[in-house]
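Before any comments, here is the structure.
Quantities reported herein were computed from a predicted structural model and do not represent experimental measurements.
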Amino acid sequence: MSDSRDASYYRSWMSSRTVSRRGLFRGLLSPAKKAVEQAASPEQTLLVRQCPRPPQAVAEPLFIQKCDGCGRCAEACPVGILSIDKGKPALSIEYAECDACGACTSSCESGALDAGVVMDTGLRPVILPQCLGRIDDLCRMCEITCPRTAIFFNQQNQPAVDSDKCDGCGKCKLVCYHGDIVLSLKHHDS
């Protein structure tokens with residue numbers, strides 16, 4: 001099947017298309033913005049958690065240095081939410097929440113998990129737009145079950161998370177029977 005369109009057809013088609021000034025600058029500057037972000041990221045990725053860690057993990061650079069990947073923390077976890085991924089422990093809150101029992105910390109001999117560090121998995125709930133609590137006040141399961149009262153609904157039925165109160169246990173995600181809560185890593189390391 002041959003194409004009857006030749007160079008003059010495409011030239012006339014392109015000449016009839018207009019590009020707005022905003023579209024032109026967006027098209028010209030967006031690759032530069034991505035390049036700047038990629039150039040800045042190698043130093044920052046060393047400081048930011050790459051995946052969820054056990055609750056009393058030290059700061060990520062020190063954790064990477066101290067953890068020897070022995071797996072004692074994963075074996076000690078009574079609910080089985082720790083696994084060894086790429087030689088380091090990773091937390092996966094899919095079927096059980098972290099109850100902050102401290103078994104992983106007490107089993108760690110390398111010093112990567114420290115009892116002096118505040119219990120925090122580094123995960124924070126993100127409540128999706130289709131949350132039924134936004135429509136009316138009938139569903140407030142996440143707010144009710146949060147042990148630290150970090151999730152609340154304002155007067156406009158919009159959910160909010162107090163990141164300072166949240167310890168990333170994941171109970172809100174598991175109790176949401178609609179699946180409207182996902183957990184993501186917070187953007188700073190504590």
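- Qualifying side-chain contact (heavy atoms from CB on, under 4.5 Å) partners for P129, counting only residues two or more places apart in sequence or in other chains: none.
- Of all heavy-atom pairs spanning I64 and R53, the tightest one is CD1-NH2, 3.7 Å.
- Considering CG of L183 and CG of L174, their distance stands at 8.0 Å, rounded to 0.5 Å.
- Not a single donor-acceptor pair under 3.5 Å links the side chain of E97 to the backbone N or O of C169.
- Note on D167 versus K171: no salt bridge recorded, every NZ/NE/NH1/NH2 to OD/OE distance being 4.0 Å or above.
- Considering only heavy atoms from C-beta on, P52 comes within 4.5 Å of L185 through its side chain.
- Screening residues 147-160 for side-chain hydrogen bond (donor to acceptor under 3.5 Å, both in side chains) gives R134-Q158, R140-N157 as the qualifying pairs, with residues at least two apart or on separate chains.
- Atom-to-atom distance recorded for C172:SG and R124:CZ is 10.0 Å, nearest 0.5 angstrom.
- For S106, there are no side-chain contact (heavy atoms from CB on, under 4.5 Å) partners, not counting sequence neighbours.
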Show, in sequence, the C-alpha distance, side-chain angles and deciding distance for F152 and V161, and conclude whether the side chain to side chain contact (heavy atoms under 4.5 Å, CB included) test is met.
CA-CA 7 Å; F152 60 93; V161 178; over 6 Å; no
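- Smallest separation of non-hydrogen atoms from D180 and C131: OD2-CA, 3.3 Å.
- When atom types are taken as modelled, the side chain of Y95 and the backbone of G80 share a donor-acceptor pair closer than 3.5 angstrom.
- I181 and L132 fall into different hydrophobic clusters, defined by Ile, Leu, Val, Met, Phe, Trp and Tyr side-chain heavy atoms under 4.5 Å apart, directly or through other members.
- Under 4.0 Å is where a charged nitrogen must lie from a carboxylate oxygen, and between K173 and E94 at least one such pair does.
- A distance of 12.0 Å separates CD of E60 from CD of Q65, quoted to the nearest 0.5 Å.
- Summarising the geometry, atom CG belonging to D114 is positioned 8.0 Å from atom OG1 belonging to T105; distances are rounded to the nearest 0.5 Å.
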